[in-house]
There are 2 protein chains.
Amino acid sequence: MTPQRELIARTFFRNKGHVSAEDIYKQVQKRAPRIGFATTYRTMKLLSEAGVASLRSFGDGFSRYEPALRTDHHDHLICTQCGHIIEFEDDRIESLQKTVARKHGFRVTDHKLELYGICSHCRNTKK
Amino acid sequence: MTPQRELIARTFFRNKGHVSAEDIYKQVQKRAPRIGFATTYRTMKLLSEAGVASLRSFGDGFSRYEPALRTDHHDHLICTQCGHIIEFEDDRIESLQKTVARKHGFRVTDHKLELYGICSHCRNTKK
DNA sequence: CAGTTTAATGCAAATGATTATCAATGTCAA
DNA sequence: TTGACATTGATAATCATTTGCATTAAACTG
């Protein structure tokens, strides 16, 4: 554990998740401009391999990280208008997923559920 | 509609879906080696914009296309070992998704559910 | 401590998927 | 046929991410 890794990790956890490597890099830059993006990427990969961050790629060009410490499984509602992401959790969906997977002989290790749509805010302030 | 576009489209539909642009390019190459990948990418984008193909990006580096003609909504089970992808459909999950989204004030336009795990085949043939 | 091994940094260049550029070619209507 | 216009295909450009490598710093060793 080096100073730069510590700063990067702290910066990462300060966020609410869904952070891109570049986001983290920019934030880190403000505090320590000498840290290169290579180190940021490397550290995020380390955190990811250590199981403390998990990689998630939404449809846009680049990959995002979020803390993997939490025990709850959360999924995402993504507004296609303003890009806002909110998390949700639904045990009934979770258990149905397991059922479906079992039916197909799968042992599920992870899952990803994303609902794309228009959030209430955008719907109200639209045209 | 040009000959190369027709070939690319035909090739695309011959597949079962979840095809990457490069997959299509390679297949097209066998029949018409003079077609460049630029045309393949362009045509796939056209098909996608025309609503006849839909873009889907799983976690791996590149984007996949699948036919969008079907009326049913299907989701994916992805084996993290052999990469095999099978589709499934579950109305109960669908309706729960709508419920959850409504609760958060979202109007859902699309969704994506991916379950990652080990398929039965890989589980049986493993060490 | 001094010296040596080792790992981590940061810059720049490499990568890999995708997109844009552009000259050459094809299409088609007048 | 001629010109207007879209499409092609080869290549160069992009953009996020990786990697190579020389430099620096930390961690042992005696």
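Values below: all heavy atoms of this structure, side chains included; hydrogens, waters and symmetry mates excluded. Naming: A, B, ... by sequence-line order, numbering from 1 per chain. What you see is a predicted model, and the numbers here were worked out from it, not measured in a lab.
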Within residues 32-42 of chain B, the residues having a heavy atom closer than 4.0 Å to DNA chain C are F37(B), A38(B), Y41(B), R42(B)

In this structure, how many angstroms lie between the [atom2] atom of [N] and the [atom1] atom of [X], rounded?
X      : N       : atom1 : atom2 : result
Q4(A)  : dA7(C)  : CD    : P     : 17 Å
E22(B) : dG16(C) : CD    : C1'   : 9 Å
D23(B) : dA17(C) : CG    : P     : 11 Å
F62(B) : dT19(C) : CZ    : C1'   : 17 Å
M44(B) : dA17(C) : CE    : P     : 17 Å

Quick one: pull up [atom1] in [X] and [atom2] in [Y] and give me the separation to the nearest 0.5 Å.
X       : Y      : atom1 : atom2 : answer
R64(B)  : F58(B) : CZ    : CZ    : 6.5 Å
H111(A) : D75(B) : NE2   : CG    : 11.5 Å
Q97(A)  : D91(A) : CD    : CG    : 11.0 Å

Do [X] and [Y] come within less than 4.5 Å of each other through their side chains, counting heavy atoms only?
X      : Y      : result
Y65(A) : L55(A) : yes
Q27(B) : N15(B) : yes
I86(B) : H74(B) : no

Residues in side-chain hydrogen bond (donor to acceptor under 3.5 Å, both in side chains) contact with Q29(B), at least two apart in sequence or another chain: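 For Q29(B), the residues satisfying side-chain hydrogen bond (donor to acceptor under 3.5 Å, both in side chains) (neighbours in sequence not counted) are Y25(B).
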
Rounded to 10 degrees, the angle between the two terminal axes of the helix from dC1(C)-dG30(D) to dA30(C)-dT1(D), each from five pairs: 10°

Checking all strands, does S63(B) fall into the base, sugar-phosphate, or nothing category for heavy-atom contacts under 4.0 angstrom?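 Sugar-phosphate, backbone atoms only, no base.
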
Do any pairs count as a side-chain hydrogen bond (donor to acceptor under 3.5 Å, both in side chains) and have a residue in residues 35-54 of chain B, sequence neighbours left out, and if so which ones? none

If you take the centroid of each ring, where Trp contributes its six-membered ring, are H76(B) and H18(B) closer together than 6.0 Å? yes

So where does chain B start and stop touching DNA chain D, 5' to 3', when the test is distance under 4.0 Å to a non-hydrogen atom?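 Terminal contacting nucleotides, 5' to 3': dT7(D) to dT11(D).
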
Identify, with sequence neighbours excluded, every residue that meets side-chain contact (heavy atoms from CB on, under 4.5 Å) alongside A32(B). L7(B), I35(B)

